Amino acid sequence: MNEQEISLVLGTAGHIDHGKTTLVRALTGLDCDRLNEEKKRGITIELGFAPLKLSDGRIVSIVDVPGHEKFIRQMVAGASGVDAVMLVVAADEGVMPQTREHLAILNLLGVKDGLIVITKSDMVDDELLELAVADVADFVQGTFLEGKAIIPVSSVTNKNIPLLMEELAKLVDRVNPRTRSGPFFMPIDRAFPISGFGTVVTGTAYRGQVSPGMDLSILPADQEVRVRSVQVHSHGVEVAWAGQRVAMSLSGVSLDDLTRGDVVCAKDIYKKTKCCDVELRLLQSSPEPLKHWQRVRLHIGTADVIARVSLFDKTTLLPGESTVAQLVLEEDIVASIDQRFVIRFYSPLVTIGGGRILFAYGRKPKGKGAKNSYKHRLESLMSANDLQERINILVKSHGSISRGDIIFDLQELPEDIIVMAQKLEEEGEMVILSASTDYYMSPETFKEYHDAVEQFLTNFHSERPHQAGCIIDDILTGPLKLLERKLARTLLDTISQRNLIVIDGNFVRLSDFTPQDDTLFFKRLEEFHAYCEELGFQLPLIEEVQQKMAMSEKDFSLFLKDLRERGESFIVGSKYILSKKVEERLLFILKDIKDNITIATVRDVTGSSRKFVLPLLEYMDARGYTRRVGEKRVLLLHKLEAKS
C-alpha cells in the first residue's frame with residue numbers, strides 16, 4: 001500500500017478533560033502532550049500535532065487544541081488552519097461551556113465540515129450514552145455539524161475506533177484540499193533550535209508551496225531567510241503545500257528574532273499592517289452589542305493583539321448582525337486576504353464574534369463621500385468570487401493603479417496578476433497602459449483622459465495651425481495634470497500606440513492633423529528678429545513688440561508662446577523681450593570681458609543703460625551663465641560650453 005500525504009488538516013475541539021488528546025493517541029499512536037507541565041497537570045496547554053494514516057494509505061494532519069478557557073489563544077491558533085474538525089464531547093459530562101465556545105469559534109473561522117465524537121462511552125451505561133448522543137445532536141442544530149456523524153468511542157477499550165477511522169476517511173473524501181497556488185503564507189506556531197539545522201519553525205501552510213532553497217520573509221519581524229530543508233510529518237520533502245503541517249529549518253534568523261504571531265511568507269508580496277478592512281459578524285450569543293471604537297482582543301493566525309473596531313456607518317453592532325468594518329491594531333500583524341479571525345471582549349475575555357479579512361492594508365477614508373465609496377468597494381470585495389473579479393473591482397474603484405500596487409493589495413503572484421489582467425483587457429474591462437510599466441486603467445477613466453487630450457489638441461491645432469504640435473509638457477501639466485507624472489506619460493504613450501495621437505520627439509499632435517503652411521509664422525519671426533536687432537540692448541517692452549507687429553492681443557500671445565517654446569525669445573524682468581540673437585550677442589560680449597563683468601562695464605560696452613543692463617545681468621544669473629560675487633559677476637564657462 002502506497003502512502004500519500006494529503007493537503008488537509010483535521011482539528012480537535014471541545015471542553016477540557018473530554019479526552020481529545022487521548023483520542024488522538026488512540027487514532028495515531030502519538031501523544032500530543034509533549035511538555036512536562038502538560039503531563040504533570042494532565043491537560044493540554046500548547047498545540048499538539050500528529051499524522052493520521054487512513055486505511056488506504058492517505059496521511060492527513062491532526063491538530064490537537066487545548067480545551068481550557070485560559071488557552072483560547074492557542075485553540076484559535078490551531079483551529080485557524082484546519083479544514084475539518086472532530087468535535088469531542090465526553091459522555092459523562094455532555095455539552096460544556098468550552099464545547100459551545102469552540103463550536104462558535106469554528107463557525108467564525110469558516111470551518112464547513114466535520115463530525116462529532118462522544119468519548120468516554122465506557123464510563124456510562126447505554127441509556128446515558130443515548131442521552132449524550134441526543135444532547136449533542138440537538139446542540140449542533142443550525143451549525144455546520146448538523147446531520148454529521150456522531151460516533152461514541154472509548155479510547156481506553158478501543159470501542160468504535162475502527163468505525164471512527166472509517167468516518168474520518170469519508171470526511172477526507174468530501175473535503176476539498178486547499179489550493180496549492182498563490183504566494184506562500186504560514187503563521188508560525190512553534191520555533192526552536194536544532195543543532196546542525198539552525199532555527200526550525202513549524203505551522204500549517206495556508207497558501208502556496210515551499211521548497212528547500214527558497215528565499216522567504218518573516219513578518220512582522222522583518223527578517224529575510226532562506227529555507228534549508230522542509231519536512232512534513234518528520235519526513236524530508238522537496239515541496240510542501242498549503243493544507244499541510246510543515247516544519248522548515250531556516251538560515252538568516254535566530255530564535256531571538258522571532259515573536260508570537262510571526263508569519264513566514266513569500267518575499268515582496270505581503271506587508272505588515274496596523275489596519276485591516278474586514279467582514280465582521282457579532283455572535284447571537286454575544287452578551288452585549290459592540291460599539292464603534294470599542295477595544296477588543298483579536299486572534300488571527302497565531303497572533304493575539306489588541307484592536308479597536310471602527311464601524312463605517314453605525315455606532316453599534318447588535319448581536320447576530322454583520323457588517324464591513326476596520327480593525328485598527330495596537331501593534332503590527334501580517335494578514336492574508338480571506339484569512340479568518342476571532343474577536344473577544346477585552347474584558348471579560350468572552351468570544352463575541354469574528355469574520356474574514358477583505359483588505360489587509362486599510363486606509364481611513366476622509367469625508368462622507370470617500371467613506372461611502374470605500375465601504376462600497378469593501379462590499380464588492382466581500383462578494384467577489386475570484387482573483388479576476390477582485391482586480392476588476394480595484395481598477396474600477398481607483399480609476400488607475402499600478403501592477404505593483406495590485407500585487408501588494410491583493411497579495412498575489414505577479415504572473416497571476418498579469419494573466420488575469422490580460423483576460424480583463426480582452427473582455428474590455430480594463431486598459432493595460434504599458435507592458436513595460438504595467439499601469440492598469442478602467443475603460444471609463446481611459447476614455448475620460450483620452451477625450452481630454454483630444455480636445456486639448458483640437459483646440460491647440462485650431463489656434464496654432466502652423467505648429468507641428470504642442471510640447472509634451474503642456475499636456476502633462478494640462479489635461480493630465482491630476483495624474484502622477486510617470487503615469488501620465490505612460491498614458492500618453494498608450495494613446496499614441498493606439499494611433500490616436502502622434503508623438504514626434506518632444507511634440508504631440510492628433511494623428512489626422514496636418515500643419516498648415518507656416519510661411520506667415522516665419523515671416524513674422526523674421527520681422528520680430530529684425531525689430532529686436534534694431535533696438536539691440538535697449539530691450540523692448542512686450543506691448544511694444546505687439547504694437548510694432550500690429551497683432552491682436554490673442555494672436556500675439558500665441559505667437560510669443562511659440563517663440564518661447566522654440567527658444568527664439570525670452571522674458572527679462574517680467575516685462576522685456578530678449579530675442580535669441582540679442583542674447584547670443586550679449587554672451588559673446590561677456591566672454592570678452594569675463595574678468596571685469598560689472599553693470600558699468602557692460603553698460604559701456606553695449607552702449608545701453610543701467611535700466612536695461614541690470615535686468616539683463618540678473619537674467620544671466622538666473623540662466624546660470626553668470627554668478628554674482630560682490631559687485632562683479634563670474635562667467636560660468638562650463639554652462640556656456642554645455643549650451644553650445
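The model shown is predicted, which means the values in this text are computed figures rather than measured ones.
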query = Does the distance from a Lys or Arg side-chain N to an Asp or Glu carboxylate O, for K272 and D262, drop under 4.0 Å?
reply = no

task = Would you mind checking if R207 and E412 are paired as a salt bridge, meaning a charged N to carboxylate O distance below 4.0 Å?
result = yes

Ignoring hydrogens and geometry, is there a side-chain-to-backbone donor-acceptor pair from [X] to [Y] under 3.5 Å?
X    : Y    : answer
E389 : N385 : yes
T458 : E454 : yes
S286 : L282 : no
T477 : D473 : yes
H102 : A13  : no
D504 : F507 : no
D451 : E448 : no
Q244 : W241 : yes
Q294 : K291 : yes
R356 : Q339 : no

message = Among residues at least two apart in sequence or on other chains, which ones pass side chain to side chain donor-acceptor pair (under 3.5 Å) with T273?
response = none

task = Could you tell me which residues satisfy side chain to side chain donor-acceptor pair (under 3.5 Å) with T143, sequence neighbours excluded, listed by chain and number?
result = none

[Y] versus [X], side-chain donor and acceptor atoms under 3.5 Å:
X    : Y    : result
Y361 : Q411 : yes
R245 : T204 : yes
T351 : R344 : yes
D189 : T302 : no
S249 : S229 : yes
D493 : T490 : no

For [X], salt bridge (Lys or Arg N to Asp or Glu O under 4.0 Å) partners two or more places apart:
X    : value
R178 : D83
E425 : R498
K561 : D474, E565
R340 : none

query = Taking only residues two or more places apart in sequence, or in another chain, which ones meet E224 in a side-chain contact (heavy atoms from CB on, under 4.5 Å)?
reply = S217, K267

key: For K371, side-chain contact (heavy atoms from CB on, under 4.5 Å) partners two or more places apart   = F312, P365

ask   = Going through the checks in order, is the side chain to side chain contact (heavy atoms under 4.5 Å, CB included) test met by L219 and C265?
value = CA-CA 8 Å; L219 299 172; C265 55; 3.9 Å; yes

message = Considering only residues two or more places apart or on different chains, which pairs with a residue in residues 292-305 satisfy salt bridge (charged side-chain N to carboxylate O under 4.0 Å, His left out)?
response = R295-E330, R297-D304

Name the atoms and distances for all side-chain donor-acceptor pairs under 3.5 Å in residues 391-398, with sequence neighbours left out.
residue: S397; atom: OG; partner: I393; partner atom: O; Å: 3.0
residue: S397; atom: OG; partner: L394; partner atom: O; Å: 3.0

Steps toward side chain to side chain contact (heavy atoms under 4.5 Å, CB included) verdict (Y439, E484) = CA-CA 12 Å; Y439 282 103; E484 181 266 327; 3.4 Å; yes

request  = Any chance you could lay out the ring-ring contact (aromatic ring centres under 6.0 Å, His included) test for Y270 and F185, step after step, and finish with the verdict?
outcome  = CA-CA 9 Å; Y270 301 97; F185 186 91; 5.0 Å; yes

ask   = Got I495 and Q497 here, is their nearest side-chain heavy-atom distance under 4.5 Å?
value = no

remark   = From the list E429, K423, E427, side-chain hydrogen bond (donor to acceptor under 3.5 Å, both in side chains) partner of Q388 resolves to E427

Please output the side-chain donor-acceptor pairs of residues 106-113 that fall under 3.5 Å, not counting sequence neighbours, one pair per line with the distance.
residue: N107; atom: ND2; partner: L103; partner atom: O; Å: 3.3
residue: D113; atom: OD1; partner: K148; partner atom: NZ; Å: 3.4
residue: D113; atom: OD1; partner: R174; partner atom: NE; Å: 3.2
residue: D113; atom: OD1; partner: R174; partner atom: NH2; Å: 3.1
residue: D113; atom: OD2; partner: R174; partner atom: NE; Å: 2.7

task = For atom CD of E415, decide whether the heavy atoms of other residues, nucleotides or ligands shown that lie under 6.0 angstrom number more than 12.
result = yes

task = Could you walk me through whether Q326 and V278 pass the side chain to side chain contact (heavy atoms under 4.5 Å, CB included) test, one step at a time?
result = CA-CA 6 Å; Q326 280 188 337; V278 301; over 6 Å; no

Kindly list each side-chain donor-acceptor pair under 3.5 angstrom involving residues 313-325, sequence neighbours excluded, with atom names and distances?
residue: D313; atom: OD2; partner: K375; partner atom: NZ; Å: 3.2
residue: E321; atom: OE1; partner: L318; partner atom: N; Å: 2.9

task = Check the angle between the aromatic planes of F460 and F456 and answer parallel, tilted or perpendicular using the 30° and 60° thresholds.
result = parallel

request  = Apply the salt bridge (charged side-chain N to carboxylate O under 4.0 Å, His left out) test between D409 and each candidate in R390, R363, R377; give the one that qualifies.
outcome  = R363

key: Candidate pair Y440 and V431, rule side chain to side chain contact (heavy atoms under 4.5 Å, CB included), full reasoning   = CA-CA 6 Å; Y440 302 149; V431 177; over 6 Å; no

